[in-house]
Visitor: 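One structure is given below, represented as structure tokens, and several questions about it will come after.
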Amino acid sequence: MRRIAIVVAALATFVGLAFAAAPAYAQSGHFITGGGNAPECTDIGTQLTCTGKVAGLGGTTFTITVSAPGTASVVCINPAGNRAPGQDTAVTVEGGTGPLPTPRNGQFVFSITTDAPAPLPPTPTCPNVQWTPEIVDVTFTTATLTLFEDGVQSDLVVVPVT
């Protein structure tokens, strides 16, 4: 009788642990890549605006990020306020939605404008540290959009910039 009680207790413990384990959810969110909702990124000077649609969202929260490398056109301003061309330099702009709650229908239409590029140091873009560099335009060719669900990457697309 005592052996049966021990076996039943062990079995109950095993079953309880099996049901207490958290299920593993597969990340199935993705960017819609066809039709009018495909991701597009537009150059707006020193920043980008990216639009599109994601579907298949199933987590608790999601985030969309944008990262785009580019070549910055730089103007240097001397202490007297005169402007002269500076050295073009590589920059990267980034932006994102921040964490958002997953919509009930698992779909979301987004529009993200990146931050402006970070300020540049005076050298090597300008003749010396007395000059102030100013980014006047950035030329972008591609942008990378990444979808995260509950902090886990679900999808990534690279799109041309128009």
Visitor: Using the rule side chain to side chain contact (heavy atoms under 4.5 Å, CB included), only one of T71, V74, V138 pairs with V91; which is it?
Guide: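 Output: one option passes, namely V138.
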Visitor: Measure the OG1-CD distance between T61 and E149 for me, rounded to the nearest 0.5 Å.
Guide: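 If we round to the nearest 0.5 Å, T61:OG1 and E149:CD are 8.5 Å apart.
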Visitor: So, taking the atom named CD1 in I77 and the one named OG1 in T132, what distance separates them when rounded to the nearest 0.5 Å?
Guide: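 If we round to the nearest 0.5 Å, I77:CD1 and T132:OG1 are 6.0 Å apart.
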Visitor: Could you give the side-chain donor-acceptor pairs of residues 29-53 under 3.5 Å, partners two or more places apart or in another chain?
Guide:
residue : atom : partner : partner atom : Å
H30     : ND1  : S28     : O            : 3.1
H30     : ND1  : A55     : O            : 3.3
D43     : OD1  : G45     : N            : 2.8
Q47     : NE2  : T114    : O            : 2.5
T49     : OG1  : T113    : OG1          : 3.1
K53     : NZ   : Q107    : OE1          : 2.9

Visitor: Measuring from atom CG of N78 to atom SG of C126, what distance do you get when rounded to the nearest 0.5 angstrom?
Guide: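 It comes to 10.0 Å.
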Visitor: Can you tell me how far apart CG (L145) and CD1 (I64) are? Round to the nearest 0.5 Å.
Guide: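 Going from the CG atom of L145 to the CD1 atom of I64 covers 7.5 Å.
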Visitor: For E134, does the CD atom sit with more than 12 other heavy atoms under 6.0 Å from it, leaving out its own atoms?
Guide: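 Yes, the 6.0 Å shell around CD holds more than 12 heavy atoms from other groups.
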Visitor: Search all heavy atoms of W131 against all heavy atoms of C76 and return the closest pair with its distance.
Guide: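 That closest heavy-atom pairing would be CE3-CB, 3.5 Å.
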Visitor: Using a 4.5 Å cut-off on heavy atoms from C-beta on, say whether the side chain of T146 contacts that of T144.
Guide: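 Answer yes - side chains close enough.
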Visitor: Could you tell me if the side chain of P117 sits less than 4.5 Å from the side chain of T92, heavy atoms only?
Guide: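 A side-chain contact is absent here, since even the closest heavy-atom pair is not under 4.5 Å.
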Visitor: To the nearest 0.5 Å, what is the distance between CZ on F110 and CG on L100?
Guide: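 Here the rounded value is 11.5 Å.
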Visitor: In terms of hydrophobic clustering (I, L, V, M, F, W, Y; side-chain heavy atoms under 4.5 Å; direct or indirect links), are V66 and V159 co-clustered?
Guide: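 Yes; V159 is reachable from V66 via cluster members.
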Visitor: Is there any ring pair (Phe, Tyr, Trp, His ring centres under 6.0 Å) pair reaching into residues 69-109, and which pairs are they, with sequence neighbours excluded?
Guide: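 Qualifying pairs: F62-F108.
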Visitor: Do the side chains of V136 and R83 get nearer than 4.5 Å, heavy atoms only?
Guide: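 Sidechains of V136 and R83: in contact.
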Visitor: With no hydrogens and no angle check, is any side-chain donor or acceptor of T102 less than 3.5 Å from a backbone partner on G59?
Guide: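 Between the backbone of G59 and the side chain of T102 there is a qualifying donor-acceptor contact (under 3.5 Å).
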Visitor: Does the side chain of I112 reach to within under 4.5 Å of the side chain of T97, using non-hydrogen atoms?
Guide: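 When only atoms from C-beta onward are counted, T97 and I112 do touch, with a gap below 4.5 Å.
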Visitor: Are the side chains of V129 and T123 in contact, using a 4.5 Å heavy-atom criterion?
Guide: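 Yes, side chains in contact.
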Visitor: Quick one, V157 and L147 - any side-chain contact, counting heavy atoms below 4.5 Å?
Guide: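 Not in contact.
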